[in-house]
Number of protein chains: 2
Amino acid sequence: MVDAKPEPLDAVDTGIIAALSLDARATLTQLAEQVGLSISAVQARLRRLESRGVITGYRPTVDPEAVGKPLAAFIEISPLDPAQPDNAPELLEPLSEIEACHSIAGEASYMLFVRVASPRELERLIGQIRQAASVRTRTTIALQTFYEYRPLVPAASTPPGL
Amino acid sequence: MVDAKPEPLDAVDTGIIAALSLDARATLTQLAEQVGLSISAVQARLRRLESRGVITGYRPTVDPEAVGKPLAAFIEISPLDPAQPDNAPELLEPLSEIEACHSIAGEASYMLFVRVASPRELERLIGQIRQAASVRTRTTIALQTFYEYRPLVPAASTPPGL
DNA sequence: GTTGAAATCGTATCTGC
DNA sequence: GCAGATACGATTTCAAC
């Protein structure tokens, strides 16, 4: 769980990650079949990927509507006073509606991605963000999500002999 | 795995989702301890959450740098010809560098989030996007990611008696 | 990396609450 | 709908190769 060294991943490692990307609850047995190694070997690989920080965790993909957060939006934020110390990400971290926070190049300083229950909730959240971080905001509402959370390491087109 | 009904989730369901958000590879035994129910009950709940489409899958969180994609960017896209049929999300789906695609309210039609190896790769990807979907693009580079993939259902502050 | 044996876990099923 | 219990196959784990 430390920092990721620039040590390259071989085909087995990427195969394990690709298989996990399809189903992170897959058993070692299933992963072993996918990559063509023994269970123990896969287990060792997986432990190593985790301890090297290549894989930092496992999360379920949850339907936003089912958990009552059907409204998603991008919020760009810019400091009101460019002279003030800027620790917006830290200040905003307690707001659990914020799913992601990146600093960006461009007019704004940060890009947030948020999920809320309703327009009313979005208004409240934007107010909280403005107040907590002393920023102005520019909000872009997501009308429809075609896809998201796509795997960083796509499955190989066709593993030979499978 | 069908569509999500507006049937509300109770505290146990959200507890299971919260526990899985911390570790989606957790065993039923571990989940049962977390939510204070029997294994059989948790198993039934989990199956139901999956079949109802509340939980649609499980994915590993992978360090982008470790898999050779340290550069992330937001790309807004707008149609060159507003008269043409617009199926950009479909046309762009084969581009695996695209992690997310939303239609948005605002000047642009869609917001993409992409990950690539280098500025050179980003340039190539933007070209592909323009050509494939007949769009113009506006790219905002992510300089730093403070957090992302935060859980939709945060863990309860302190489960009583645990 | 592999094999194999022991401990743990997932699953199915049943009884009773 | 849940707890508890049984039973069996699957899975994880780890020591030895």
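What you see is a predicted model, and the numbers here were worked out from it, not measured in a lab. Chain letters run A, B, ... following the sequence lines, proteins first, then strands; residues in each count from 1.
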Could you write nucleotides 6-17 of chain D as a row of B, S and -, 5' to 3', where a protein heavy atom under 4.0 Å of any base atom gives B, of only sugar-phosphate atoms gives S, and otherwise -?
-----SBBB---
So, do B:His102 and A:Phe74 have ring centers that fall under 6.0 Å from each other?
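Yes, the ring centres sit under 6.0 Å apart.
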Between B:Arg150 and A:Ile98, is there a donor-acceptor pair closer than 3.5 Å when you use the side chain of the first and the backbone of the second?
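At least one qualifying donor-acceptor pair exists.
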Residue-phosphate contact under 4.0 Å: B:Arg45 side-chain N/O, D:dG1 OP1/OP2
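No.
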Verify side-chain hydrogen bond (donor to acceptor under 3.5 Å, both in side chains) between B:Tyr110 and A:Gln144, making sure each step is shown before the conclusion.
CA-CA 9 Å; B:Tyr110 302 97; A:Gln144 187 180 168; over 6 Å; no
Got a salt bridge between B:Glu50 and B:Arg47, using NZ or NE/NH1/NH2 to carboxylate O under 4.0 Å?
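Salt bridge between B:Glu50 and B:Arg47, a charged N being under 4.0 Å from a carboxylate O: no.
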Does the pair B:Arg115/B:Glu99 count as a salt bridge with the N-to-O cut at 4.0 Å?
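The answer is yes: the pair qualifies as a salt bridge.
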